[in-house]
Number of protein chains: 2
Amino acid sequence: MQVPSPSMREAASMYGTAVAVFLVILVAALQSSAPPESPFPYRISLDPEGSLELSWNVSYTQETIYFQLLVQELKAGVLFGMSDRGELENADLVVLWTDGDNAYFGDAWSDQWGQIHLDSQQDYQLLQVQRTPEGLCLLFKRPFGTCDPKDYLIEDGTVHLVYGILEEPFGSLEAINTSGLQTGLQRVQLLKPNISVPALPSDMHSMEIHTPDILIPGQKTTYWCHITELPDGFSRHHIVMYEPIVTKGNEALVHHMEVFQCTAQFESFPQFSGPCDSKMKPDHLNYCRHVLAAWALGAKAFYYPEEAGLAFGGPGSSRYLRLEVHYHNPLKIQGRRDSSGIRLYYTATLRRFDAGIMELGLVYTPVMAIPPQETAFVLTGYCTDKCTQLALPPSGIHIFASQLHTHLTGRKVVTVLARDGREREVVNRDDHYSPHFQEIRMLKKIVSVQPGDVLITSCTYNTGDRKLATVGGFGILEEMCVNYVHYYPQTQLELCKSAVDPGFLQKYFHLVNRFNEEEVCTCPQASVPKQFASVPWNSFSRDVLRALYGFAPISMHCNKSSAVRFQGEWNRQPLPKIISKLEEPTPRCPASRVQSPTSPTVVSIGGSKS
Amino acid sequence: MQVPSPSMREAASMYGTAVAVFLVILVAALQSSAPPESPFPYRISLDPEGSLELSWNVSYTQETIYFQLLVQELKAGVLFGMSDRGELENADLVVLWTDGDNAYFGDAWSDQWGQIHLDSQQDYQLLQVQRTPEGLCLLFKRPFGTCDPKDYLIEDGTVHLVYGILEEPFGSLEAINTSGLQTGLQRVQLLKPNISVPALPSDMHSMEIHTPDILIPGQKTTYWCHITELPDGFSRHHIVMYEPIVTKGNEALVHHMEVFQCTAQFESFPQFSGPCDSKMKPDHLNYCRHVLAAWALGAKAFYYPEEAGLAFGGPGSSRYLRLEVHYHNPLKIQGRRDSSGIRLYYTATLRRFDAGIMELGLVYTPVMAIPPQETAFVLTGYCTDKCTQLALPPSGIHIFASQLHTHLTGRKVVTVLARDGREREVVNRDDHYSPHFQEIRMLKKIVSVQPGDVLITSCTYNTGDRKLATVGGFGILEEMCVNYVHYYPQTQLELCKSAVDPGFLQKYFHLVNRFNEEEVCTCPQASVPKQFASVPWNSFSRDVLRALYGFAPISMHCNKSSAVRFQGEWNRQPLPKIISKLEEPTPRCPASRVQSPTSPTVVSIGGSKS
């Protein structure tokens, strides 16, 4: 009965013998497998020099991504892959490497020490290898989910792409450790929604908001602020789409850009073009915070739905705009000039609906806090049925885009819509959220919110590097949990957020005090941040804080603007009761893996040293 | 790029077209694939009539189970499979069915409504179909884990096997719903440890403890108590093995059997043979609780390790034994006679070590309680470093077997050994534990416990059908969390268990009281069960109780017998600090699935109506 078969140990060293039985598939043979007909609509530079260029396309019917990796100057190989947060350890990798004689392509993974191993299941499938004038071009595909426990599951939201350059041949795949390589990461939304482009009006005009041929500072991070203004007497228009303008050659440096409209409360704003943290920057510019357009690396043009546009211009709105460009220049390249920005497309023929932006999540208040040394602490903000009942029109609103926002410790954000106590659908979810990559994302499917619906926004934080509690607030070391949803028709509701009832938080401080029998100052006369700072953080005080946030009544901000509430009682509101939760998405395994090879493929890359 | 491929909907109805492309594999062809050489060491009746007999063998090198299912009188087909707790919904099934013309064998699953679907991945592999004089004999195999999300993961511990009888042909697999069938469940440990049989002494004798040809009552559940005695002047011996004696024909009725030794504190015990709950049963029999041997359905002979034996007989030990046989007779079969029991093998040549039994887990006290309506509430009991330091010999003890025990709401039990604050290994784990199936199980690997080690026993309870808190205690509606570990060399330590400090529990009642601002009687003068009965169970009181048990100091029972403690301070002991936990076992996928067919197999079963 004990039929011999590879033991675990043998399987682990499978690579050693596998090289002997490589399927020798030549480039010619690879080319015969049908390459996809259409070009790759999405493109990004992986490294700051732009020597590794990734293009991709998504097939939702196949649940597969087609990748094209262009390696400008191949040395001895390249790694490409994905990991939870951009680390090179525990990464899902595809590796092109040479041993001096042959070149190989294989699906691999790195362990917690960065050492590379061949996957037992080869899910990255090489389709084509081609030498082009631009460099070596690899075409391969991978299903979103593979059911190989060593593989990354490609989900909606942010994906942390990683890469590494092999400078010299390696005798075997196992000889490679990522720690010795030139490596890097790039964040991107791989699963772009496949929405058809809405029809555009015939009387559409465009306007470029861009930096005035500036010199990019030779430092790692620059936020550039540039003030510009709309033409005198510019009447009310609808923005119907916008797209990035990135100066050629700077694709790897321009990280994200936003256009803000200034407040109408000041007649005029001073001219300025310089780093946003410059001492020369006029204080007034802090009043330019109403988002008109936002773009981040890897994003394409943003289209408003056909029936809606974002109003700007006309009476009651400021003529002044602020462009903010984030230059990410880790190699501190000097002397690069740039005129990047955003091109707005707008029409005077106003569309049926004004689009609006609403803030969901948590009020900016210290009563919502995260204990230190937590790796996945969740805070949740509610937009209650009472508020949507009061503030939304009878026919509801339609959310078509969303921008998630936290400060530095945010790791995941999700907003779910609940109706009649049951979670119904996800508005937007990012399980690999990074505060360094905050795009406005079109939703794959418009989400309609009816009066009486509840919107629940949860953020997961990692405070592993903090010594004290992290409280809610505006400061960069404080936290936020916000989803800016873009919707139509515009309503008066601008903020629909919550925080725990402050009286119940005082009960918490009292009971922690009593339970620990220590003389700590969590007395009510101290400020909430001070009370949190003196909590003795043990498993009990952590668990009870979590229990408090999951139980205590909330204060609602159901506001027309940040200061004006809708009428009603908004304090000590009950937490929305949720009787059924959405199921966690279970990864679908590819229907058939019968064709997938179980060993690396020998490839001819033309430039191999053999 | 959007290469056509089956959509989800198409895949879901795959079966419809799959029948057209069945691989017609004839019996002859199947027989040519090498059948395992050795017989099947494990055997069990699935149904109470004994018309479905399952035999199996385990290949640990292949991580595969070979099953042989004997169907005495095949009607139109049979289902066999596994599910979390024996339900026919959400079950992993293998189905043999006929459509009137052909017979098919396929890997399938049932959804939450009991409807059957074909698995996209066929992991049960049919090896042989044979008509024998006894019935139709199906031979098939399955890996422990398949990585198909619809498949059950075969783990150590209890497995709930399920079966169903198809009385008539079905046009398609999807037409079958388990709710309309004659079905049932059988609990078994599938992954028996493959331990070689220890050498037995040449001077071994045996003694049968069995019921005296009784009439099995025609009721669903009977616990039969039978008193017997050791020969006069029976000196001290070592039990070195024991095995079940099951009266032929009653294999499906005899569920479990235990032999207990009575206490030495009474000179003699009255004769008795009858149902344990009989009014005629002498009260004295409650003092016969020292386990000498225990067997449950599906278990084979139990062997003590070569260096140890269980002492019985001789001075200071009672001559009286109590045999308890649990008859499970759901069909209420009448008139069946039975003489089942246990055959003890013993030697007068005492082995080097006496074996001992130690109780780990929770003290039987109401301070450990489970709120009502919890589906997976965990309670944990500790055997602390301080106790093992004091009570274990310098060379430690060796645990070779374990019997897990809870009352009715227990669903999982696990004991983990920790050393220097790090969890090191699992002593015994059952993630599908059932209080109706409490076997003594040999460990796959002997676990050595050193002085200073910590043993952590956690039980998971489901109180979904309870209205009030379930407190710890002896009553059948109260709960226990115990692991009886069998070890050698015997020590004085009989009990190493814990419970939360009662003072901290009073703090809990106080704070829940205060937090809810309700006038509930959780006042300290009430008994703990009454205090628990008046807790208002909301998310906060539940979470805080969980937090309390995870934080508050414990009272230790580090006892020589149930009443005599080792010397030392055992109250208000700190909870053991665990800085690193064992990783959850990740299911290993079979190395290669390339050969597995993706559609059902047409089989010739001889008796098909075609």
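In what follows, chains are A, B, ... by sequence order, proteins preceding strands, each numbered from 1. Just so it is clear, the structure is predicted and the values come from calculations on it, not from any experiment.
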* To do: Could you pull out all residues at least two apart from Lys581(B) that satisfy salt bridge (charged side-chain N to carboxylate O under 4.0 Å, His left out)?
  => none
Rounded distance (nearest 0.5 Å) linking atom [atom1] of [X] with atom [atom2] of [Y]:
| X | Y | atom1 | atom2 | value |
| --- | --- | --- | --- | --- |
| Lys577(A) | Ser539(B) | NZ | OG | 10.0 Å |
| Arg514(A) | His510(B) | CZ | NE2 | 3.5 Å |
| Lys507(B) | Phe540(A) | NZ | CZ | 9.0 Å |

* Asked: Taking the six-membered ring for Trp, is the centroid-to-centroid distance between Phe515(A) and Phe504(B) below 6.0 Å?
  -> yes
* Asked: With a 4.5 Å heavy-atom cut-off, do Asp543(A) and Phe551(B) have their side chains touching?
  -> no
